[in-house]
> 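I'd like to ask you about the structure that follows.
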Number of protein chains: 2
Amino acid sequence: MFDKIIAHVKRFVSLSPKEEKVLCSYLKIEDYAKKKHLLEEGEMCTGKYFVNSGVVRMYTLNEKGVEQVIHFAIEGWWITDYFTFNTNMPARCNIQAVEPAQVVMIGAAEQEELLKELPQMERYFRLVLEKAYAASLMRTHYMFNFSAEERYRHFSEHYPEFVQRVPQYLVASYLGFTPEFLSMLRAKKG
Amino acid sequence: MFDKIIAHVKRFVSLSPKEEKVLCSYLKIEDYAKKKHLLEEGEMCTGKYFVNSGVVRMYTLNEKGVEQVIHFAIEGWWITDYFTFNTNMPARCNIQAVEPAQVVMIGAAEQEELLKELPQMERYFRLVLEKAYAASLMRTHYMFNFSAEERYRHFSEHYPEFVQRVPQYLVASYLGFTPEFLSMLRAKKG
DNA sequence: GTGTTTTCTTAAACTACTTTAAGTTTTTTG
DNA sequence: CAAAAAACTTAAAGTAGTTTAAGAAAACAC
């Protein structure tokens with residue numbers, strides 16, 4: 001159940017068998033069917049999720065009610081609304097299972113206790129955030145410096161299984177263009 | 001010299017007067033004239049910068065040699081290439097003073113020692129990264145959900161002094177359009 | 001202070017991508 | 001497996017933002 005997250009933590013910091021158990025005592029497994037929400041806009045964001053299996057997306061709604069994919073999370077990624085996690089503000093975004101997903105959840109209060117008990121987890125979360133932040137800035141770079149077509153070619157070359165698993169209209173949204181335009185790109189070549 | 005960073009750290013974790021001194025012993029003040037680089041693409045990224053005063057930008061170059069602003073940092077923000085900081089890979093982006101800037105620098109090795117000596121700094125950096133990551137995702141949201149004009153109006157409403165201080169073509173680049181288009185928006189109204 | 005460089009403006013021609021709308025295919029559900 | 005819903009395609013008309021190019025204004029350097 002918790003072997004993937006344990007392995008992930010151990011890539012960054014060390015954990016004794018005893019500490020592994022302590023860590024697990026704060027975690028909870030949750031299963032979400034396709035299209036079920038882990039978090040909805042306006043709710044309190046009380047948990048943070050490590051994806052065990054499946055695909056999860058973060059999205060926002062604009063005034064016209066159009067959903068915009070901000071972020072995908074697959075196996076081995078953490079996802080939450082960091083803006084409102086651990087505050088008393090309502091969430092600004094939605095998190096939803098794209099495929100049936102199993103996640104490891106840790107609550108805000110539980111995380112605080114865990115960090116007191118296993119201070120090395122503070123380092124783990126820092127390192128994970130450094131990677132996520134760097135990836136987010138790199139995405140900004142891609143959005144600005146490449147055309148829609150280049151972004152699509154690059155994405156399907158680097159994440160071919162992803163393009164298989166996720167509906168095209170979500171890929172289009174993530175890459176910042178319309179599903180119709182993606183359809184046209186596919187017709188053109190590949 | 002170090003009072004701004006000390007105050008910033010104390011907003012997140014506590015520091016005794018003794019610990020403040022320890023922290024300062026790992027830090028170094030650096031001054032950069034306008035247009036001087038803190039980091040250039042291809043170099044090793046060995047330091048992390050806290051902006052004391054002035055404005056600093058992170059940018060990338062595309063194939064045509066056009067500079068794209070990825071990120072600005074002003075007083076109270078940390079900036080570095082997190083992708084290559086503390087690795088042996090060459091930096092993927094440039095960091096440059098837009099205005100004369102004073103920064104507090106900490107080296108990668110120094111940071112490691114600091115974290116051993118003052119474990120609460122691990123928490124500080126985690127919390128700072130959570131904010132930065134959340135802000136980066138929020139920017140992605142704005143880029144996708146608003147038109148160039150809306151982005152410009154929103155930005156100049158929320159950061160009016162910034163628009164004063166920074167050349168317009170950098171603001172345009174940051175917001176994802178051309179300086180000519182920004183000029184047109186300004187002519188239209190306000 | 002005058003010459004040079006940097007930044008900003010204007011406007012016309014252009015294009016990458018959107019919108020709309022209708023039809024087809026695939027997946028889901030009872 | 002039949003009906004309904006969700007996802008994908010095609011194509012024509014439209015538009016938000018780019019490109020190019022040239023001139024004006026502001027900032028900088030000696």
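Only this structure's heavy atoms are used, side chains among them; waters, hydrogens and symmetry mates stay out. None of the values given here were measured: they were computed from a predicted structure. A note on names: the letters A, B, ... follow the listed sequences, proteins ahead of strands, and every chain is numbered from 1.
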> Just by distance, no angles: are the side chains of A/Asn145 and B/Thr60 close enough, under 3.5 Å, to form a donor-acceptor pair?
yes

> Got a salt bridge between A/Arg165 and A/Glu99, using NZ or NE/NH1/NH2 to carboxylate O under 4.0 Å?
yes

> Side chains of A/Lys48 and A/Gln111: donor-acceptor distance under 3.5 Å anywhere?
yes

> Which pairs, with at least one residue in residues 109-137 of chain B and sequence neighbours excluded, count as a salt bridge (charged side-chain N to carboxylate O under 4.0 Å, His left out)?
A/Glu112-B/Arg123, A/Glu122-B/Arg123, A/Glu122-B/Arg126, A/Arg123-B/Glu112, A/Arg123-B/Glu122, A/Arg126-B/Glu122, B/Arg126-B/Glu130

> What residue pairs, at least two apart or across chains, pass ring pair (Phe, Tyr, Trp, His ring centres under 6.0 Å) with a residue in residues 160-179 of chain A?
A/Phe72-A/Phe162, A/Phe72-A/Tyr174, A/Phe155-A/Phe162, A/Phe155-A/Tyr174, A/Phe177-A/Phe181

> What ring pair (Phe, Tyr, Trp, His ring centres under 6.0 Å) pairs are there with at least one residue in residues 6-26 of chain A, not counting sequence neighbours?
A/His8-A/Phe12, A/His8-A/Phe50, A/His8-A/Tyr124, A/Phe12-A/Tyr124

> With each end axis built from five pairs of C1' atoms, what bend angle do you get for the helix from C/dG1-D/dC30 to C/dG30-D/dC1? Round to 10°.
70°

> Closer than 4.0 angstrom, basic N to acidic O: yes or no for B/Glu67 and B/Arg57?
yes

> Any heavy-atom pair between the side chains of B/Leu15 and B/Leu118 that's under 4.5 Å?
yes

> Extract, from 5' to 3' on DNA chain D, the first and final nucleotides lying under 4.0 angstrom from some heavy atom of chain B.
D/dG17 to D/dC28

> What one-letter contact string describes nucleotides 7-22 of chain C from 5' to 3', where B marks a base within less than 4.0 Å of any protein heavy atom, S marks contact via sugar-phosphate atoms alone, and - marks no contact?
SSBB------BBBB--

> Are B/Arg153 and B/Glu157 close enough for a salt bridge, meaning some N to O gap below 4.0 Å?
no

> So, are B/Glu149 and B/Arg151 salt-bridged, with charged N and O less than 4.0 Å apart?
no

